[in-house]
There are 2 protein chains.
Amino acid sequence: MPDRTSGPPAEPPLGLQLAAAAREVGRAFDAALGAAGGSLSTWLVLLALTTGRAASQRELAAAVGIQGATLTHHLAGMEEAGLVARRREPTNRRVQLVELTEAGRAAFRRLRDVAVEHDRRLRVGLDPDDEAATRRVLEQLRANVAG
Amino acid sequence: MPDRTSGPPAEPPLGLQLAAAAREVGRAFDAALGAAGGSLSTWLVLLALTTGRAASQRELAAAVGIQGATLTHHLAGMEEAGLVARRREPTNRRVQLVELTEAGRAAFRRLRDVAVEHDRRLRVGLDPDDEAATRRVLEQLRANVAG
DNA sequence: CGGCAAACGTTAGAAGTCTAATCGTTAGAG
DNA sequence: CTCTAACGATTAGACTTCTAACGTTTGCCG
């Protein structure tokens, strides 16, 4: 007598499958961005700035989903590369405002093409209902581990 | 006249949602394992060894999904901690065989409880059909970026 | 007003991962 | 047989991320 539901031969845990898929997809995306002279972190920063989701570093870190210290590191490199400029907010000199330079806007357009192509490639053969179900599940998983 | 399908207000790209969910779930799991004196990498190594999916380091790295150099690093720590023992395969002295010690087996049992609980927590409120769809999608995504 | 606590950002240091270069061992071509 | 190429593992160095400690600036309470 089987001890559990005696269903299929024990599929891999959902968390493992999630981690493996995310790792491979992320790696492929980063490689594609790298071929266009970018990286995942620079893309996310450029995207958040372009869409106006963030002006200060604190907001930017939240939008990108990384810690402030990590963002400081990346911004140093991006500023060095001339993609962004930083200046203090006059009315509150603790805050560092981040702005795109012209080179930053150009880099955004280049990487956006890569991102669109990546997204297209990702969806090949995907059933729309399955995708919707997946989005629901991913949000549920986040909620289940939150707090 | 809307330029695209003019559907819902542009949901976040699937890749981003996937990465965010995987990061948060993985972080929560690692924290839980940490509270039991382990970590994600040690858990994966112990699991692969216990289930007999790997004996040499090369197989072990493949089973865990990391590079050989990274595994070397972790095994050094685990051997130091007395969880595993390494010895050369006699018939092919290039190969390093990895075996669990008694302490390693005890650690496995401890972390297994954490993993089971994590998996249970993860599935709360999940529709079985949605979960099946998600597994299909995750495999499709891996296939779409492979090669 | 003066000083203390909070907010924002930076720096320092640790952990995990990767790639490239190297070492020892083995297999195979000539 | 020998020697060269391949293989498994390790080492070295880089990158990304984190947390903790710190410096500067601001807000507010007394």
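In what follows, every heavy atom counts, from backbone to side chain, and hydrogens, waters and symmetry copies are set aside. All chains are named by letter (A, B, ...) in the order of the sequence lines, taking the proteins before the strands, and each is independently numbered beginning at 1. Since we're looking at a predicted model, the values are computed, not measured.
- The span of DNA chain D lying next to chain B, judged by atoms under 4.0 Å from heavy atoms, is bounded 5' to 3' by D:dA6 to D:dC18.
- Recorded end-axis angle for the helix from C:dC1-D:dG30 to C:dG30-D:dC1 stands at 0°, based on five pairs per end and rounded to 10 degrees.
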Listing, residues 66-75 of chain A side-chain donor-acceptor contacts under 3.5 Å, not counting sequence neighbours, or none:
| from | atom 1 | to | atom 2 | distance (Å) |
| --- | --- | --- | --- | --- |
| A:Thr72 | OG1 | A:Gly68 | O | 3.2 |

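- Looking at heavy atoms from C-beta onward, A:Leu14 lies in side-chain contact with A:Leu141 at the 4.5 angstrom threshold.
- Both B:Phe108 and B:Leu60 are members of a single hydrophobic cluster when ILVMFWY side chains are connected at heavy-atom separations under 4.5 Å.
- Looking at heavy atoms from C-beta onward, B:Leu122 lies out of side-chain contact with A:Gln140 at the 4.5 angstrom threshold.
- Between B:Glu24 and B:Arg27, none of the side-chain N atoms (NZ, or NE/NH1/NH2) sits under 4.0 Å from a carboxylate O, so this pair counts as no salt bridge.
- Residue-level contact check: B:Leu40 touches neither bases nor backbone, having no heavy atom under 4.0 Å from any strand.
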All N/O donor-acceptor pairs, side-chain side in residues 35-44 of chain B, below 3.5 Å, sequence neighbours left out:
| from | atom 1 | to | atom 2 | distance (Å) |
| --- | --- | --- | --- | --- |
| B:Ser39 | OG | B:Ser41 | OG | 3.2 |
| B:Ser39 | OG | B:Thr42 | N | 3.3 |
| B:Ser39 | OG | B:Thr42 | OG1 | 3.4 |
| B:Thr42 | OG1 | B:Ser39 | N | 3.0 |
| B:Thr42 | OG1 | B:Ser39 | O | 2.9 |

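- Backbone-only contact: A:Arg27 has heavy atoms under 4.0 Å from sugar-phosphate atoms and none from a base.
- B:Glu139 and A:Gln17 are linked by a side-chain donor-acceptor pair at a separation below 3.5 angstrom, with hydrogens and angles left out of the test.
- Hydrophobic clustering keeps B:Val25 apart from B:Leu111 (ILVMFWY residues linked when any side-chain heavy atoms are closer than 4.5 Å, directly or through intermediates).
- For the pair B:Thr70 and C:dG16, the criterion of a side-chain N or O lying under 4.0 Å from OP1 or OP2 is not met.
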Every protein N/O within reach of nucleotides 8-11 of chain C N/O, cut-off under 3.5 Å:
| from | atom 1 | to | atom 2 | distance (Å) |
| --- | --- | --- | --- | --- |
| C:dC8 | OP2 | A:Arg58 | NE | 3.3 |
| C:dG9 | OP1 | A:Gln57 | N | 3.1 |
| C:dG9 | OP1 | A:Gln96 | N | 3.0 |
| C:dG9 | OP1 | A:Gln96 | O | 3.4 |
| C:dG9 | OP2 | A:Arg58 | N | 2.7 |
| C:dT10 | OP1 | A:Arg86 | NH1 | 3.1 |
| C:dT10 | OP1 | A:Gln96 | NE2 | 3.2 |
| C:dT10 | OP2 | A:Gln57 | OE1 | 3.3 |
| C:dT10 | OP2 | A:Gln57 | NE2 | 2.7 |
| C:dT10 | OP2 | A:Thr72 | OG1 | 2.7 |
| C:dT10 | OP2 | A:Arg86 | NH1 | 3.4 |

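- Cluster note: B:Val95 groups with B:Leu97 through ILVMFWY side-chain heavy atoms spaced under 4.5 Å, whether in direct contact or through intervening members.
- A:Gln57 and A:Arg86 are linked by a side-chain donor-acceptor pair at a separation below 3.5 angstrom, with hydrogens and angles left out of the test.
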